[in-house]
Amino acid sequence: MDATAAAKLLDHYQATARDLPWRRGERDPYRTWLSEVMLQQTTVATVTPRFRRFLERWPTVEALAAAKDEDILGEWAGLGYYARARNLIACARAVAERGSFPETESELRKLPGLGAYTAAAVAAIAFGEDAVPVDTNVERVVARVFGLANRADVPAAAKAWFPTGRHGDFAQALMDLGASLCRPKKPECGRCPLEADCRAAALGKPEAFPAPKVKKERPHRHGVAWWIRRGDEVWLVRRPAEGLLGGMAALPGGEWDEAPAMVNALAIHRHGFTHFTLDLHVVPRVEPPPGEGWWQPLGELDRAGLPTLYRRAVEAALKSEREPRLAD
DNA sequence: TACACGTGGTC
DNA sequence: TGACCAAGTGT
């Protein structure tokens with residue numbers, strides 16, 4: 001692939017790029033890092049308002065490092081993949097401790113939550129290094145342009161194609177193209193600046209590149225969440241720091257099992273995780289179980305920082321209390 | 001390498 | 001409506 005195609009893509013990007021809030025702070029490693037972590041496996045539409053809120057509340061990495069864990073986890077609630085938030089906290093404190101962000105890909109890579117993609121993205125975008133960030137968009141666009149069915153062949157092809165001195169812009173141009181025209185399904189090759197340079201388009205089968213991943217079956221599980229009221233309050237707990245929804249606020253309850261729960265539930269909320277689905281049976285109970293927890297006013301549930309599973313389960317329970325006949 | 005790890009949007 | 005998918009990382 002020649003430099004002309006790369007130049008065409010950069011021109012197209014310059015002409016069409018959206019005014020995303022983190023683009024204005026591209027040379028600010030804090031803003032670049034924060035946006036890249038939030039964008040891991042999460043859409044631009046979801047991230048945009050959350051990024052603004054984070055930046056308003058914690059304008060610098062020092063401010064974020066000084067914040068309480070529960071405040072940061074609460075602000076992350078609903079964004080998913082909560083290990084990202086736990087790593088965000090650890091990373092902010094490591095950076096504040098050393099005084100500033102490291103400025104090379106290899107040093108960035110050592111920080112918690114910065115894997116191969118994010119370290120390369122921050123190095124390229126914030127520090128102008130010729131690092132090669134390969135996310136799912138870059139992978140797909142490069143696989144199509146070069147006609148690579150095998151994803152393992154993509155990084156080398158990408159590295160050869162990225163124009164020297166423009167890696168940050170080029171990565172964003174590829175990601176933007178992947179999100180807009182070069183989509184997984186029904187790509188708009190007719191509007192793509194790279195159509196004439198694209199092997200997959202020439203073959204007439206852009207969707208065949210890269211080869212689809214093999215999908216796995218999702219098991220179904222059941223669990224119990226206790227619904228414990230005291231006046232206009234409900235008993236909440238904090239989940240263990242590790243594992244699923246680690247460190248997040250929650251309704252108390254036991255382990256999730258594959259066996260159906262034989263209990264009389266106030267509500268049953270079905271929730272889909274990445275690797276299994278869950279029927280959470282919300283069951284009334286009088287006394288809190290042993291252990292730490294707190295009474296959360298029902299009028300201040302938004303401030304509890306509940307992940308979506310529990311936010312929806314609480315909504316279902318409240319609805320069922322209001323309209324017992326309509327309860328499932 | 002393969003799996004755990006959330007959620008919301010799209011078709 | 002269920003499958004697919006998203007600016008991936010850690011183990």
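Within every chain, numbering begins at 1; the chains are lettered A, B, ... in the order of the sequence lines, protein sequences first and strands thereafter.
- At a threshold of 4.0 angstrom between heavy atoms, the contacts of Gly78(A) are confined to the sugar-phosphate backbone, with no base atom among them.
- In this structure, the OH atom of Tyr310(A) is 11 Å from the P atom of dG6(B), given to the nearest Å.
- Asp135(A) places its CG atom 13 Å from the C1' atom of dC5(C), with the value rounded to the nearest Å.
- Residue Trp76(A) is classed as having no contact, given no heavy-atom separation below 4.0 Å to the nucleic acid.
- Within the nucleic acid shown, Arg312(A) comes within 4.0 Å of sugar-phosphate atoms alone, with no base atom in reach, counting heavy atoms only.
- Relative to the side chain of Gln40(A), the nucleotides dC4(C), dG6(B), dG8(C) differ in distance, and dG8(C) lies closest.
- Glu139(A) has its CD atom 9 Å from the P atom of dA6(C), to the nearest Å.
- Comparing dA7(C) with dC3(B), their P atoms are spaced 24 Å from each other, to the whole Å.
- For the pair Glu323(A) and Lys319(A), the salt-bridge criterion is met [side-chain N within less than 4.0 Å of a carboxylate O].
- Set against dT7(B), dC5(C), dA7(C), the side chain of Tyr82(A) has dT7(B) as its closest nucleotide.
- Counting only residues at least two apart or in different chains, salt bridge (Lys or Arg N to Asp or Glu O under 4.0 Å) contacts with residues 116-135 of chain A are absent.
- Nearest to the side-chain atoms of Thr308(A) among the listed nucleotides dC5(B), dG8(B), dA7(C) stands dG8(B).
- Under 3.5 Å, the side chain of Thr42(A) and the base of dG6(B) form at least one donor-acceptor pair of N or O atoms.
- Residue-level contact check: Leu79(A) touches the bases, meaning some heavy atom is under 4.0 Å from a base atom.
- Of the candidate nucleotides dT7(B), dA7(C), dC4(C), dC4(C) has the atom nearest to the side chain of Lys185(A).
- Counting to the nearest Å, the P atom of dG6(B) and the CD atom of Gln41(A) are 12 Å from each other.
- Using a 4.0 Å cut-off between charged side-chain N and carboxylate O, Glu321(A) and Arg229(A) make a salt bridge.
- When distances run from any side-chain atom of Leu20(A) to the nucleotides dA7(C), dT7(B), dG10(C), the shortest one goes to dA7(C).
- To the nearest angstrom, P of dC5(B) lies 9 Å from CG of Leu245(A).
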Hey, can you pull the donor-acceptor pairs under 3.5 Å for the side chains in residues 213-220 of chain A, sequence neighbours left out?
{"from": "Arg218(A)", "atom 1": "NH1", "to": "Phe273(A)", "atom 2": "O", "distance (Å)": "2.4"}
{"from": "His220(A)", "atom 1": "ND1", "to": "Thr277(A)", "atom 2": "OG1", "distance (Å)": "2.5"}
{"from": "His220(A)", "atom 1": "NE2", "to": "Asp279(A)", "atom 2": "OD2", "distance (Å)": "3.3"}

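- Residue-level contact check: Ser35(A) touches neither bases nor backbone, having no heavy atom under 4.0 Å from any strand.
- Among the atoms of the strands shown, none is found under 4.0 Å from any heavy atom of Arg218(A).
- Within 3.5 Å, a donor on the side chain of Tyr81(A) pairs with an acceptor on the base of dG6(B), or the reverse.
- Arg311(A) comes within 4.0 angstrom of sugar-phosphate atoms only, judged by non-hydrogen atoms across all strands, and of no base.
- If you check dA7(C), dG8(B), dT7(B) against the side chain of Pro307(A), the one that comes closest is dT7(B).
- Nearest heavy atoms, His222(A) versus Leu278(A): C-CD1, 3.8 Å.
- Along DNA chain B, the nucleotide nearest Gly246(A) and the nucleotide nearest Lys186(A) are compared for position; the residue whose nucleotide lies closer to the 5' end is Gly246(A).
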Between Val122(A) and Phe101(A), is the side-chain contact (heavy atoms from CB on, under 4.5 Å) condition met? List the steps. CA-CA 10 Å; Val122(A) 174; Phe101(A) 277 90; 5.5 Å; no
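- Closest approach to the Lys216(A) side chain among dC4(C), dA6(C), dC3(B) is made by dC3(B) (side chain taken as heavy atoms from C-beta onward).
- Between the C1' atom of dT7(B) and the CZ atom of Phe276(A) lies a distance of 13 Å, rounded to the nearest Å.
- Listed candidates were dA7(C), dT9(C), dA6(C). Nearest to the side chain of Pro184(A) is dA6(C).
- Closest to the side chain of Arg109(A), out of dG6(B), dG8(C), dG10(C), is dG10(C).
- For the pair Met175(A) CE and dA7(C) C1', the computed distance is 5 Å after rounding to whole Å.
- Between Asp69(A) and Arg86(A) there is no salt bridge, since no side-chain nitrogen of the basic residue lies less than 4.0 Å from a carboxylate oxygen of the acidic one.
- Ala116(A) comes within contact range of the sugar-phosphate backbone alone, with a heavy-atom separation under 4.0 Å but no base atom that close.
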